[in-house]
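Here the structure is laid out as structure tokens; the discussion comes afterwards.
Side chains are part of it too, since the values below use all heavy atoms of this structure and drop only hydrogens, waters and symmetry mates. Naming: A, B, ... by sequence-line order, numbering from 1 per chain.
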Protein chains: 2
Amino acid sequence: MKPFVLIAEDESAVSELLLYNLQKEDYEVAIAADGEEALMMIDERAPDLILLDWMLPKVSGIEVCRRIRSGGANPNMPIIMLTARGEESDRIRGLDTGADDYVTKPFSTTELMARVRAVLRRIRPGLKEDKISVGDIVIDRVAHRVMRDDGEIHLGPTEFRLLDYFMQHPGRVFSREQLLDTVWGSDVYVEARTVDVHVGRLRKALRQDGGEDPIRTVRSAGYALRGD
Amino acid sequence: MKPFVLIAEDESAVSELLLYNLQKEDYEVAIAADGEEALMMIDERAPDLILLDWMLPKVSGIEVCRRIRSGGANPNMPIIMLTARGEESDRIRGLDTGADDYVTKPFSTTELMARVRAVLRRIRPGLKEDKISVGDIVIDRVAHRVMRDDGEIHLGPTEFRLLDYFMQHPGRVFSREQLLDTVWGSDVYVEARTVDVHVGRLRKALRQDGGEDPIRTVRSAGYALRGD
DNA sequence: GCCGAGTGTCACAGAACTGTCGCGGATCAC
DNA sequence: GTGATCCGCGACAGTTCTGTGACACTCGGC
């Protein structure tokens, strides 16, 4: 179950940026452009986390925050406030609006993502597990090890990240471009065919002890890990 | 069994900082943002230690402290009070609220961590063992000695701390940066490659009597002690 | 001052990993 | 069938990362 994040922000430049980054980290995301819409969506869709702009049209962010806290479906709903630098920043900290965290604009997206993870981990522990297993494959991200049928499998860094990503979404098909974006990073440029080679290497490593090939090729679409 | 620490603190800046540092020292941590939540979690999850803010929304820290001491599951639950400087600090010491220790904000995190360790050691002796063994390696932190197959191994101070840290988390991979942060200290600046050299020296020392290399290199990630 | 132990940095060689290419086989549309 | 794509895989050159010996520097003991 993906965590569902609601962005309440009227500047589309900001909300689009957040949307892009959150989706990349595999959250389900929705955008509300004003306070009224935000309150409606909070009520209807019960987000796991709200990124709430301080200033919003119709109903301000502060008011939204207050209303959440003072009743409604879930008064403990995690809230991260977004505020422009200097925008009553001193008073904000003093006010007991009840946000879980504050971020001042302009913000670093990586920092914000880290805070999102931190807040969600606190609320929904076990969100990012140390160990995942799919079928007979077990990946231990803390020890950085991969096991299959109690035999250890050695993978290079890229193959490890690739398998890790597949195992977070078993069964799902990813295009080469998607894989390059997430596993390699959106900033590096490499040929799409490179993915094929690494998938090949990953398959070879996983087949070592005579196991079945756990990766499915979807012609003209991409690759997927065979779900269980 | 990891010790479980509850942070009862409404300022997220403070609680996040504590969260980060406590997790780094391998405690299990939870945060309560007000007194009510704190009491609930104390009841439900029986923490080994509470870091309790003096001023808390809904139910104050003092009141939480009083309620713990005057009955409930464990009246001897260790409590470290966090108070703002000058905030009735004189009276606090006079009051018999029954906290085990007091720390005034702003506090040094290293000092607070030391106090946390101290309180837990007093309450749960043997929590941080004097001796740890992983595989055939035994480290005695009190005597500052390392044994392997009944032969003593001499290590320099840095190598000793390095091995000590590895042995607290066998199997886990640490990046060079993490190791510098914890083993060297976050305030000193040294090259990341320096870790390699010390790991090399540690390996050499541990290989003295012909034993296997107990340290695993994880390319582009860091080092780990081979778990048992 | 001298000494030895301990430390941080560097340079270099070798190991491990990466991205690309090209070929041949598999699969698809018609 | 047949031409056009698409994919698996071995090969390879280039790059990155790691292990280690060497060396200079610090620091406390004497």
>> Whole angstroms only, please: what is the CG-C1' distance between B:Leu162 and C:dG8?
In response: 15 Å
> For B:Thr194, which contact category applies under a 4.0 Å heavy-atom criterion: base, sugar-phosphate, or nothing?
Replying inline: base
>> Can you tell whether the side chains of A:Asp213 and A:Arg226 come within less than 4.0 Å, N to carboxylate O?
In response: no
> Between atom CD in B:Glu191 and atom C1' in D:dC17, what is the gap in whole Å?
Replying inline: 15 Å
>> Rounded at 0.5 Å granularity, tell me how far CD1 in B:Ile31 sits from CD in B:Glu16.
In response: 5.0 Å
> A:Leu49 versus A:Tyr27: any side-chain heavy-atom pair under 4.5 Å?
Replying inline: no
>> On DNA chain D, does the nearest nucleotide to A:Gly222 precede the nearest nucleotide to A:Arg201 from the 5' side, or the other way round? Give the residue.
In response: A:Gly222
>> Is there a side-chain contact between B:Trp184 and the phosphate of C:dT7, meaning an N or O under 4.0 Å from OP1 or OP2?
In response: no
> So, is A:Thr158 near the phosphate of C:dT18, with a side-chain N or O under 4.0 Å from OP1 or OP2?
Replying inline: yes
> In Å and rounded to the nearest 0.5 Å, what is the CG to CG distance from B:Leu82 to B:Leu52?
Replying inline: 7.5 Å
> Roughly, in whole Å, what's the span from CZ in B:Arg216 to P in D:dG19?
Replying inline: 13 Å
>> Both B:Ser220 and A:Arg176 contact DNA chain D. Taking the nearest nucleotide for each, which residue is further toward the 5' end?
In response: A:Arg176
> Atom CG of A:Leu180 and atom C1' of C:dT18: how far apart are they, to the nearest Å?
Replying inline: 13 Å
>> Could you tell me if B:Ser220 and A:Arg161 have a donor-acceptor pair between their side chains, going purely by distance under 3.5 Å?
In response: no
> With distance as the sole criterion, do the side chain of B:Arg219 and the base of D:dT18 form a donor-acceptor contact below 3.5 Å?
Replying inline: no
> Reckon A:Val199 touches a base, only the sugar-phosphate, or nothing at all at heavy-atom distances under 4.0 Å?
Replying inline: nothing
> In terms of side-chain heavy atoms of B:His198, which of D:dT18, C:dT7, C:dC10 is nearest?
Replying inline: C:dT7
> Whole-Å distance between D:dG8 P and A:Arg207 CZ?
Replying inline: 10 Å
> When we call it a touch if two heavy atoms are under 4.0 Å apart, what does A:Tyr223 touch: a base, just sugar-phosphate, or nothing?
Replying inline: sugar-phosphate
> Between B:Arg193 and B:Leu155, which is nearer to the 5' end of DNA chain C once each is assigned its nearest nucleotide?
Replying inline: B:Leu155
>> In terms of relative ring orientation, are A:Phe160 and A:His144 parallel, tilted or perpendicular, with 30° and 60° separating the classes?
In response: parallel
> Considering heavy-atom distances to DNA chain C, does B:Ala192 or A:Glu159 have its closest nucleotide positioned more toward the 5' end?
Replying inline: B:Ala192
> Could you give the CG-to-C1' distance, from A:Asp196 to C:dC23, as a whole number of Å?
Replying inline: 15 Å
> Of the nucleotides D:dG21, C:dG6, C:dT7, which has the atom closest to the B:His154 side chain?
Replying inline: C:dG6
> Of all the choices, C:dC17, D:dG10, D:dG19, which nucleotide is nearest to the side chain of A:Pro157 once you look at every atom?
Replying inline: C:dC17
> Within this structure, what is the CZ-to-P distance between B:Arg203 and D:dT20, rounded to whole angstrom?
Replying inline: 7 Å
> Within this structure, what is the OH-to-P distance between B:Tyr189 and C:dG8, rounded to whole angstrom?
Replying inline: 13 Å
